[in-house]
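Below is one structure, written out as structure tokens; the observations come after it.
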Amino acid sequence: MAEQTYNFIDLFSGCGGMSLGFERAGFSNLIAIDNWKDALVTYAYNRPGANTLCADLLTLKPSDVEDRIGGKNVDVIIGGPPCQGFSVAGKRIVDDERNQLYKSFVAMVEHFKPKAFVMENVPNILSIGGGIIRNAIFSDFEQLGYTINCKVLLASDYGVPQNRRRAVFVGLRDKQYTFPDKTVNNPVTSWDALSDLTEDTTIEGGAYSNAPLSDYQRLIREGSVGVFNHNITIHREQTKHIIAMVPDGGNYKNLPKELWQLRKVHIAWTRLNSKKPSFTIDCGHNHHFHYKYNRVPTVRESARLQSFPDKFIFVGGKGSQLRQVGNAVPPFMAEQIALNLKTYI
Ligand SMILES: C[S@@+](CC[C@H](N)C(=O)[O-])C[C@H]1O[C@@H](n2cnc3c(N)ncnc32)[C@H](O)[C@@H]1O
């Protein structure tokens, strides 16, 4: 018997990291909505025929979305309203415009009444204001008839070479969701993820310079016809000279003290540790460097650390590509949530 397939809507989709996890688990996307054109171009480039909508979710009405998907029933709504979407004054949630982005997610759930929803956000959403945001989220969705569970998940528990933490809320109509157990005992390291990529730029679609050196590389290369988005950043000589003093896994503390103040933030001059998963990658601030090379990771290397397969190609300027990658939910982590969710719906 053919396996039942489920559809989903992705709100605040970005380039579609979370979508990709759901697709890998066999879900199909009805529409991806974001107000960032570049990210949607990447979304569509990797999914010919995808239904994307560039729109402001502050003002977009659920009925407009319903029209765009031809009135179909929606099984699951996924998405991550932007992290800065909540502000708190004392014990009160400030009802400002940013908070409305989250409200638009609630309004879509209220309208479409999906079997389930999955909403992700920054971990401290659970603790700010002594948990009032968390409680407000639970109460908003409980009023719509959902049973909610939430947990901070660590991406490296699911085969992502990165210690990224995200708070995930899952709501179901009639049952309590339990989050997936970790799928790996030995985390994938930065070396596992990156060691087959070259120090220098590879021309778009150029051949791999060697065979995969780890199981992760074998997996991440599946279906790829070459190396894309591996265009290195050329740093100033002084930057190269300074980062050369920081060893694999080191940071500014490995530098002479007089250099500590050179960059204002403490995360500056940090190198990946080849023997560990990466720290949370940023959106292209040039503070985190390769574990071996005297340069920041390329878009492809960042994508590998986020578990985007090599066949997923990023479009737009390099800064935009790095932001698309850095904003995403790691696809391998989303895939485990989605696979597990299937057993409930
Ligand atoms: C954390 S990112 C989402 C990443 C995405 N879930 C993924 O896995 O790739 C948040 C997204 O919200 C989008 N966004 C912010 N404000 C918005 C608005 N008013 N309307 C629509 N999208 C918005 C941003 O452009 C960004 O792509």
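Atoms within each ligand, like the ligands themselves, are counted from 1 in listed order.
- Cluster annotation: Val184 is not connected to Leu339 through the hydrophobic network of ILVMFWY side chains, with a link wherever side-chain heavy atoms come within less than 4.5 Å.
- Contact annotation: for Leu60 versus ligand 1, there are no heavy atoms closer than 4.0 Å.
- By the 3.5 Å distance cut-off applied to N or O atoms, Gln324 is not counted among the residues near ligand 1.
- With salt bridges taken as basic N to acidic carboxylate O contacts below 4.0 Å, one links Arg304 and Asp196.
- Figure legend: cation-pi geometry between Arg295 and Phe289 absent, as NZ or CZ is not positioned both under 6.0 Å from the six-membered ring centre and within 45° of its axis.
- In Pro82, the part holding a heavy atom less than 4.0 Å from any atom of ligand 1 is the side chain.
- Linking ILVMFWY residues whenever their side-chain heavy atoms come closer than 4.5 Å, directly or via other members, leaves Val118 and Ile137 in distinct clusters.
- With Asn327, Asp56, Val325, Leu53 as candidates, the residue nearest to atom 1 (C) of ligand 1 on a non-hydrogen basis is Asn327.
- Evaluated by nearest non-hydrogen atom to atom 10 (C) of ligand 1, the leading choice among Ser104, Gly14, Gly80 is Gly80.
- Considering Thr42, Thr298, Asn229 in turn, Asn229 is the only one that fulfils the side-chain hydrogen bond (donor to acceptor under 3.5 Å, both in side chains) rule with Gln321.
- Of the heavy atoms in Ser13, only backbone atoms (N, CA, C, O) come closer than 4.0 Å to ligand 1.
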Show me the donor-acceptor pairs, under 3.5 Å and distance only, between side chains in residues 9-19 and residues at least two apart or in other chains.
unit_1	atom_1	unit_2	atom_2	d
Asp10	OD2	Ser19	OG	2.7
Ser19	OG	Tyr43	OH	2.7

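- Applying the under-4.5 Å side-chain rule to Ile, Leu, Val, Met, Phe, Trp and Tyr, the cluster around Tyr208 extends to Leu197, Val227.
- Checking only distances, Leu57 does come within under 3.5 Å of ligand 1, N or O to N or O.
- Comparing Asp34, Asn121, Val329 against atom 24 (C) of ligand 1, the shortest heavy-atom distance belongs to Asp34.
- For ligand 1, the atoms closer than 4.0 angstrom to any heavy atom of Met18 are 7 (C), 8 (O).
- In terms of polar-atom proximity, defined here as any N/O pair under 3.5 Å, Leu58 makes no such contact with ligand 1.
- Residue contact check: Ala328 has heavy atoms under 4.0 Å from atoms 7 (C), 8 (O), 9 (O) of ligand 1.
- Ion pairing between a basic and an acidic side chain is recognised when a charged N comes within 4.0 Å of a carboxylate O; Arg323 and Asp38 show no such pairing.
- Residue contacts with ligand 1, taken as heavy atom pairs separated by less than 4.0 Å, involve Ala55 solely via the backbone atoms N, CA, C and O.
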Check step by step if ring-ring contact (aromatic ring centres under 6.0 Å, His included) holds for Tyr344 and Tyr177. CA-CA 7 Å; Tyr344 288 87; Tyr177 176 79; 5.0 Å; yes
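- Set against the non-hydrogen atoms of Trp36, the atoms of ligand 1 under 4.0 Å away are 25 (O), 27 (O).
- Close approach of ligand 1 to Leu101 is summarised as follows: ligand atoms under 4.0 Å from at least one heavy atom of the residue are 16 (N), 18 (C), 19 (N).
- For ligand 1, the atoms sitting less than 4.0 Å from at least one non-hydrogen atom of Gly17 are 7 (C), 8 (O), 9 (O), numbered in the order shown with element in parentheses.
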